[in-house]
Amino acid sequence: MEDYKIVRFGSLYLDGVPNMQSRASSIYDGEARPRISLGDSVPDRTITWIERNGKYAALQPILLKASWNDLDACGLAAGTEVTIDGAKYLCRLPRFGADPKVRNEWEEFFLNLSGLDSQVMNDATISLGLETGNGTNYCSARHGAGMGNWRLVAKDTRMPNYAWRPVLEPVACNLETIRKGTLVRIKFLDGSMLLDGNLAGYTNYDLLLTIRGLMPSGGHWYKPVKTGLVAVDRVGILSVTPLRFG
């Protein structure tokens, strides 16, 4: 059984304007230096992600010719919070490690993809990583198969084959900011379904929803605990989005 999923959501924005015209990578204008960000999905301009272990990595580079410093100026190196289709994520560069001998997120995301390996490994681009080295003037980078394809590249250099493959980590919702009785929508990490209900309460382990209408029979991350009340395992939650007050 495959331990990953291919999902499509979110779009690239440059200076607040959706920029991806197709599944091909966009090219960064180093003279104009537009602000780089991710945002809500735009039809025919969505990003394709590998989802593994609750995290997402762009399957293809979404932006070329941007330097590490360009990405860092937009908060996208170490990470910044973005909202995509109502869900919050930490958007950062992948962790490629401080040396080539350590297993890192390149292997975690892109190896053993049952037919997609060659698509990633034969890509001629070099993906920029989070870690810095050699006096912090360089950053880690990866391409191809094997640890020998780890390298350090200059953080201030814009090259046509330097690639941005962002990583997204879901940000847990602060339930303390949601009033009890609020109608919320729950997304699960495994993408199994959406669950709507009114927030009845929560603990460190579970979230309690009051369900109006037909009660769900139960699933991997939730189960009925009494009439009209469902307990949701917080470990499986991707996002909790308030819809309106109940």
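Hydrogens, waters and symmetry mates are skipped; everything else that's a heavy atom, side chains included, is used.
Between the side chain of Trp150 and the main chain of Phe96, a donor-acceptor pair closer than 3.5 Å is present. Listed for the Ser11 side chain is a donor-acceptor partner under 3.5 Å among the backbone atoms of Arg45. In this structure, Asp29 contributes its side chain and Pro34 its backbone to no donor-acceptor pair below 3.5 Å. Between the side chain of Thr203 and the backbone N or O of Tyr205 there is at least one donor-acceptor pair closer than 3.5 Å. Put simply, the side chain of Arg95 never gets that close to the backbone of Glu131: no donor and acceptor are under 3.5 Å apart. A donor-acceptor pair under 3.5 Å is formed between the side chain of Asp15 and the backbone N or O of Arg35.
For the atom pair Trp49 CH2 and Phe109 CZ, the distance stands at 9.5 Å (nearest 0.5 Å). Atom CE in Met159 sits 12.0 Å away from atom CG in Leu64 (nearest 0.5 Å). Considering OH of Tyr56 and NZ of Lys5, their distance stands at 8.5 Å, rounded to 0.5 Å. Rounding to the nearest 0.5 Å gives a distance of 14.0 Å between CG of Leu195 and CH2 of Trp221. The distance from atom CD1 of Ile27 to atom CG of Asn19, rounded to the nearest 0.5 Å, is 9.5 Å. The structure places SG of Cys139 at 7.5 Å from NZ of Lys155, a figure rounded to the nearest 0.5 Å.
Clustering ILVMFWY residues whenever any of their side-chain heavy atoms sit less than 4.5 angstrom apart, transitively, puts Tyr13 in a cluster other than the one holding Leu93. Under a hydrophobic clustering in which Ile, Leu, Val, Met, Phe, Trp and Tyr are joined whenever their side-chain heavy atoms come within less than 4.5 Å, directly or via other members, Val167 and Ile50 fall into the same cluster. Cluster annotation: Leu199 and Leu208 are assigned to distinct hydrophobic clusters (Ile/Leu/Val/Met/Phe/Trp/Tyr, side-chain heavy-atom contacts under 4.5 Å, transitive). Each of Val42 and Leu168 belongs to its own hydrophobic cluster when Ile, Leu, Val, Met, Phe, Trp and Tyr are linked at side-chain heavy-atom distances under 4.5 angstrom. Criterion: ILVMFWY side-chain heavy atoms under 4.5 Å apart, direct or through other members. Under it, Leu12 and Val7 are part of a common hydrophobic cluster.
In this structure, Ile47 and Ala58 approach most closely via the heavy-atom pair CG2-CB, 4.3 Å. Counting all heavy atoms, side chain and backbone alike, Arg52 lies closest to Phe110 at NH1-N, 4.1 Å. Scanning both residues, Asn104 and Gly97, for their nearest heavy atoms gives CB-N, 4.2 Å. Residues Ile36 and Asp70 share a closest heavy-atom pair of CD1-O, 4.4 Å. What you find for Leu130 and Ser140 is that their closest heavy atoms are N-OG, 3.8 Å. Shown here for Leu207 and Val240, the closest heavy-atom pair between the two residues is CD1-CG2, 4.2 Å.
Under a cut-off of 6.0 angstrom, the local environment of NZ in Lys65 is sparse, with at most 12 non-hydrogen atoms contributed by other residues, nucleotides or ligands. Atom CZ of Phe9 sits in a crowded spot, with more than 12 heavy atoms from other residues, nucleotides or ligands closer than 6.0 Å.
Within the 4.5 Å cutoff, side-chain heavy atoms of Trp164 are placed close to those of Ile62. Contact of the Leu229 side chain with the Thr210 side chain is registered, since non-hydrogen atoms from C-beta on lie closer than 4.5 Å. Looking only at side-chain heavy atoms (C-beta outward), Trp68 and Val153 stay at 4.5 Å or farther from each other. Taking 4.5 Å as the limit, some side-chain heavy atom of Tyr162 sits within range of a side-chain heavy atom of Leu128. Contact annotation: the side chain of Lys88 approaches that of Thr83 to within less than 4.5 Å [non-hydrogen atoms, C-beta and beyond]. Val184 has its side chain out of reach of Asp196: every pair of non-hydrogen atoms, C-beta onward, lies at least 4.5 Å apart.
With respect to Arg165 and Glu105, no salt bridge is recorded, no charged nitrogen being found less than 4.0 Å from a carboxylate O. Salt bridge annotation for Glu169-Arg92: present, with a cationic side-chain nitrogen under 4.0 angstrom from a carboxylate oxygen.
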Report task. Give the C-alpha distance, both sets of side-chain angles, the deciding distance and a yes or no for side-chain contact (heavy atoms from CB on, under 4.5 Å) between Lys187 and Leu194. Result -> CA-CA 5 Å; Lys187 282 185 176 181; Leu194 301 175; 3.2 Å; yes
Query - CA sep, side-chain torsions, deciding dist, call: Asp206, Val225, side-chain contact (heavy atoms from CB on, under 4.5 Å) - result: CA-CA 11 Å; Asp206 297 304; Val225 290; over 6 Å; no
Query raised in the report: side-chain contact (heavy atoms from CB on, under 4.5 Å) between Leu76 and Leu38: does it pass, once the steps are laid out?
Result: CA-CA 10 Å; Leu76 298 168; Leu38 299 183; 5.9 Å; no
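Judged by distance alone, the side chains of Arg158 and Ser67 never bring a donor and an acceptor atom under 3.5 Å apart.
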